[in-house]
Amino acid sequence: MKKLLITGFEPFGGEKINPSWEAVKLLPDQIGEYTLTKLLIPVVFEQSAEKVLEKAKEIIPNAILCIGQAGGRNAITPELVGINLRHATIPDNNGNQPQDEKIFSNGETAYFSTLPVRKIANAINEAGVSAQVSYSAGAYVCNDVIYTLLSHYKDTQTKVGFIHIPYCAEQDKTPSMPLGDIIKGLIVGIENI
Ligand code: PCA
């Protein structure tokens, strides 16, 4: 079996739950050819990626997939790219609110995901759950994580990807997606990485 490190975030921005962790914790421990290791990470610039890297050093995964909430989206959106930018419109859970800063001062401008995002989005749609490739993960903590991981694992065999998901129905926000659909979509996504 191959190893997949999959992460979800703690709640942020006044929400009581984060559907990313709600979904990740309910995923089966084995999907397709992968055994999953699940990790909850904080919504804090820099620290979140460090937590992922720390766990990855311990388990040496074949692939890392991070999941995050993207309020306002109505589809499951695999992210194509991470950019070298931190810009927060709300503070993170440690009170950091960077404004137009680089993640790494001498880093590349951007990295493409090393997961087949188009194939993943198509497969999720075919399974009856709305999905769409996204060309921006924003400039908040989710982008911080995907950019840092893509930079760390560039030119290695370790695949790195990020999937944003909508609010789940339990959060009383619109648009939202039932948690069951989010889970179904993620399972199909993982079967196609
Ligand atoms: N979404 C935020 C950070 C944590 C999360 O679930 C983002 O899109 O950056």
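As the structure lists them, so they are numbered: ligands from 1, and atoms in each ligand from 1.
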Atom indices of ligand 1 within 4.0 angstrom of [X] heavy atoms, with elements:
X: Gly68; result: 6 (O)
X: Tyr140; result: 2 (C), 3 (C), 7 (C), 9 (O)
X: Val141; result: 9 (O)

Next on the checklist: Same cluster or not: Ile76 versus Val188, using hydrophobic residues (I, L, V, M, F, W, Y) connected whenever any side-chain heavy atoms lie under 4.5 Å apart?
Outcome noted: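 Linked, Ile76 and Val188 end up in one cluster.
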
Item to check | Evaluation steps, side-chain contact (heavy atoms from CB on, under 4.5 Å), between Leu150 and Phe162 | outcome: CA-CA 10 Å; Leu150 285 169; Phe162 196 101; over 6 Å; no

Measure the distance from [atom] to every protein heavy atom, then report the residue, atom name and distance (to 0.1 Å) of the closest one.
atom: atom 8 (O) of ligand 1; value: His164 NE2, 2.8 Å
atom: atom 1 (N) of ligand 1; value: Gln69 O, 2.8 Å
atom: atom 3 (C) of ligand 1; value: Cys142 SG, 3.2 Å

Item to check | Nearest atoms (heavy-atom pairs only) where Ile41 meets Thr7 | outcome: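 In terms of heavy atoms, the two residues are closest at CD1-OG1, 3.7 Å.
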
Item to check | Part of Asp144 with heavy atoms under 4.0 Å of ligand 1, whether side chain, backbone, both or neither | outcome: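 None of Asp144 does.
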
Item to check | Arg86/Asp144 under side-chain contact (heavy atoms from CB on, under 4.5 Å): CA gap, chis, key distance, verdict | outcome: CA-CA 7 Å; Arg86 287 183 175 145; Asp144 203 65; 2.6 Å; yes

Checklist entry - With under 30° as parallel and over 60° as perpendicular, where do the rings of Tyr111 and Tyr147 fit, or are they tilted in between? => result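 Tilted, since the angle between the ring planes falls between 30° and 60°.
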
Checklist entry - What about Asn18: any of its N or O atoms under 3.5 Å from an N or O on ligand 1? => result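 Asn18 vs ligand 1: N/O contact under 3.5 Å present.
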
Checklist entry - Which pairs with one or both residues in residues 162-187 pass side chain to side chain donor-acceptor pair (under 3.5 Å), sequence neighbours excluded? => result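 Every side chain to side chain donor-acceptor pair (under 3.5 Å) pair that includes a residue of residues 162-187, provided the two are not neighbours, is Glu15-Gln171, Glu15-Lys173, Gln69-Gln171, Glu79-His164.
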
